[in-house]
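The structure presented is a predicted model; accordingly, all values stated were derived computationally and were not measured. Chain identifiers are assigned alphabetically (A, B, ...) following the order of the sequence lines, protein sequences preceding nucleic acid strands; residue numbering begins at 1 within each chain.
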Protein chains: 2
Amino acid sequence: MNGKNPKIQDVAAVAGVSTATVSRALSNPDMVSQKTRDLVLDAVQKTGYRVNRAAKSLRKRQSDAILALLPDLGNPFFSQILSGIESVFTTSDLSLLVSDTKGIRQDSILDYFMDMRADGMIILDGAVPRALLSQLQDSPFGQRIVFACEWKPEFKFPSVRSDNFGGAIQAVEHLYALGHRKIGHISGPRNNVLTKERLRGVEAAMTNLNLLFNRDFFIDGGAFSLDAGAQAARSFMEMDDRPTAITCGSDLIAMGFISEITRRGLKVPEDISVVGFDDIEIAGSFIPSLTTIRQNRTQLGVLAASYLLDQIAGRVHPPAKQVQEIDVKLIPRQSTAQLAHA
Amino acid sequence: MNGKNPKIQDVAAVAGVSTATVSRALSNPDMVSQKTRDLVLDAVQKTGYRVNRAAKSLRKRQSDAILALLPDLGNPFFSQILSGIESVFTTSDLSLLVSDTKGIRQDSILDYFMDMRADGMIILDGAVPRALLSQLQDSPFGQRIVFACEWKPEFKFPSVRSDNFGGAIQAVEHLYALGHRKIGHISGPRNNVLTKERLRGVEAAMTNLNLLFNRDFFIDGGAFSLDAGAQAARSFMEMDDRPTAITCGSDLIAMGFISEITRRGLKVPEDISVVGFDDIEIAGSFIPSLTTIRQNRTQLGVLAASYLLDQIAGRVHPPAKQVQEIDVKLIPRQSTAQLAHA
DNA sequence: TTGTAAGCGTTATCAG
DNA sequence: CTGATAACGCTTACAA
């Protein structure tokens with residue numbers, strides 16, 4: 001406590017053992033005798049010693065830090081995933097670094113590995129450029145990457161994701177059960193895997209149920225945002241023939257949509273039933289409360305983090321488990337209702 | 001590219017200079033001649049060299065990483081603040097570590113400094129225990145901490161915050177201008193500085209406007225959450241004499257409140273006007289859209305990060321600037337309306 | 001089970 | 001302006 005941080009030498013001196021022994025007592029307790037261990041732990045207590053991470057990293061050639069790479073840190077959707085990730089890392093004494101792909105030079109992502117800042121990476125952005133991913137995949141760091149939430153079909157990185165396809169099917173079947181036959185969809189960002197999977201699910205369900213397919217009922221939202229929903233609402237209002245129910249690529253789309261058509265005089269669910277996707281926190285308190293597909297985002301984070309830890313530790317998963325899909329479930333609320341017989 | 005990361009030695013060899021010169025060329029370009037600099041940069045390019053952060057940290061005794069300490073990573077409220085913080089650090093080549101005070105052992109916060117993981121800290125949690133803060137304040141790391149959003153009145157750490165007091169005043173004055181005289185408030189977590197400041201603002205405004213003070217109109221929400229708002233709504237419904245307008249400690253409280261009273265048959269703003277606080281993204285799309293006090297959360301993050309960087313670099317701010325208060329502004333929307341003359 | 005000593009890849013000091 | 005060299009604080013062969 002004399003101004004400078006105590007180092008391992010100080011502990012060794014106090015305990016009356018060598019620095020090697022202190023190191024062992026702390027990292028591999030069962031390599032030293034009970035007596036020595038107590039001696040060292042006591043000295044650590046007395047001196048207030050903490051292992052210097054930089055020195056440890058340099059020597060062990062590992063940083064004990066993981067990077068979570070988001071498309072946009074400002075997007076609240078990811079906070080619960082991050083929370084899940086962090087809960088795992090904290091218990092493993094790993095630090096969590098975060099960055100987003102906005103603002104960052106794309107090629108600097110590889111630097112996190114090159115300069116030893118991170119031992120691994122959880123990528124939550126499906127829009128990372130192919131070139132960079134090829135580079136990563138071919139590098140020695142290829143085994144230290146896990147995708148979460150989104151993923152890249154053309155690469156073989158392991159990934160943890162929700163059952164987007166199944167969720168979309170549940171949404172359509174729910175509407176079908178309520179008597180709806182004219183069902184539409186507002187999709188998210190173009191070229192986004194989630195958008196594609198959810199769209200595919202909607203189409204599969206409709207085909208299965210022998211519903212007729214009206215291309216006009218499929219609106220390209222272009223994003224997962226409130227604005228996208230509001231924009232879609234405007235297109236919707238101009239349709240001559242409208243669907244009686246609509247599934248959305250996200251809760252934000254659904255809310256933006258409901259908000260805008262309500263402003264224009266339609267009522268949900270009386271005039272149209274709406275299903276969201278995600279079950280963000282506000283969904284249950286929205287007016288009307290939003291029927292939606294719940295994805296367990298915390299679990300998503302937890303699984304991704306655990307998976308990455310396994311990869312790094314060399315505990316390889318069988319190829320069959322390279323893709324982990326988390327079940328989703330429909331939460332029925334007020335935004336969907338039995339189709340009124342006209 | 002032969003499997004191992006190139007080190008400074010390799011660059012030196014290629015450039016035909018000493019490692020010291022390479023180091024200088026990269027960190028202090030003007031300490032070397034133009035010619036040498038080009039030589040080195042070229043060699044860096046050729047080898048794909050990146051400075052090893054662990055080695056650099058060990059030698060320089062600084063980590064080039066900052067910790068953002070949140071009360072709860074899963075709370076979407078903080079995502080924009082984080083985004084603001086990150087934007088600053090990225091341009092300064094600093095890494096952003098995140099952690100929350102849930103899950104983490106409180107005393108392990110100091111460890112981030114002790115073990116050289118972080119050079120500084122932005123604390124977004126006003127509930128960090130006094131004991132730990134005293135310890136931090138008295139340590140050599142006391143100058144490397146900035147509070148953002150929340151703060152600790154009894155400590156002298158610099159802080160960046162919204163004008164919570166002023167925001168509450170604006171809310172009350174807005175309602176007053178609409179003709180409301182019976183105004184209530186639903187407060188956030190007990191003992192929270194934001195709760196206190198906002199409450200203080202409401203009271204100050206009401207005093208100023210000579211409004212009568214009905215203690216029953218002040219509901220203790222106990223949290224900033226949707227649930228708190230819903231709970232408050234239940235108390236509200238049981239009042240004999242009700243306020244005609246209510247200000248809330250947060251948007252979530254407001255939405256939870258509106259959602260619940262709507263479910264019970266009241267209408268907003270016809271039966272009661274409601275003002276939120278924060279202007280979270282959904283506020284404008286809520287039904288009714290929420291009149292609220294907008295705080296610029298991105299700016300909050302940016303200022304806090306910049307301030308911390310100044311502190312660390314030894315660019316001390318005058319005491320007068322130890323507390324930076326960011327202006328907030330009322331965004332009028334549909335949840336407030338002219339008081340109907342009964 | 002423990003100690004000795006080398007080395008992880010930088011930067012900073014000191015000479016030249 | 002540049003080079004040689006000594007740290008920075010830890011882990012891990014290798015020896016004992």
Distance test, side-chain N/O of [X] to OP1/OP2 of [N], below 4.0 Å:
X       : N      : answer
B:Thr21 : D:dG3  : yes
A:Ser33 : C:dT2  : yes
B:Arg59 : D:dG9  : no
B:Lys56 : C:dT10 : no

By nearest-nucleotide position on DNA chain D, the 5'-leaning member of A:Asn28 and B:Val17 is B:Val17
Heavy-atom nearest nucleotide on DNA chain D taken for A:Ala55 and for B:Ala20; more 5' hit belongs to B:Ala20
Sub-4.5 Å side-chain heavy-atom contact between [X] and [Y]:
X        : Y        : result
B:Ile123 : B:Ile145 : yes
B:Asp310 : B:His317 : yes
B:Ile81  : B:Thr298 : no

Looking across every strand, which nucleic acid part, if any, lies under 4.0 Å from B:Arg37 by heavy atom: base, sugar-phosphate, or nothing? nothing
[X] has an atom [atom1]; how far is it from atom [atom2] of [N], in whole Å?
X        : N      : atom1 : atom2 : value
A:Asn52  : D:dA7  : CG    : P     : 17 Å
B:Met116 : D:dG9  : CE    : P     : 9 Å
B:Arg24  : D:dA4  : CZ    : C1'   : 10 Å
A:Met31  : D:dT12 : CE    : P     : 9 Å
A:Lys60  : D:dA13 : NZ    : C1'   : 15 Å
A:Ile8   : C:dA5  : CD1   : C1'   : 14 Å
A:Leu26  : D:dT11 : CG    : C1'   : 12 Å
A:Gln62  : D:dC10 : CD    : P     : 16 Å

Computed from five pairs at either end and rounded to 10 degrees, the angle between the axes of the helix from C:dT1-D:dA16 to C:dG16-D:dC1 is 30°
Of D:dG9, C:dT1, C:dG9, the nucleotide closest to the side chain of B:Lys7 is C:dG9
Regarding the side chain of A:Leu58, the nearest nucleotide among C:dC8, D:dA4, C:dT4 is C:dC8
Hydrogens and angles aside, do [X] and [Y] bring a side-chain donor and acceptor to less than 3.5 Å of each other?
X       : Y       : value
A:Asp10 : A:Thr47 : no
B:Gln9  : B:Tyr49 : no
A:Glu86 : B:Ser99 : yes

* Does the base of C:dG7 carry an N or O that pairs as donor and acceptor with the side chain of A:Arg61 under 3.5 Å? -> no
Between B:Ala54 and A:Val32, the residue closer to the 5' end of DNA chain C by nearest nucleotide is A:Val32
Is it possible for you to check whether A:Arg297 lies under 6.0 Å from the centre of the six-membered ring of A:Phe77, through NZ or CZ, and within 45° of that ring's axis? yes
query: When the ring planes of B:Phe147 and B:Phe157 are compared, do they come out parallel, tilted or perpendicular, using 30° and 60° as the limits?
result: tilted
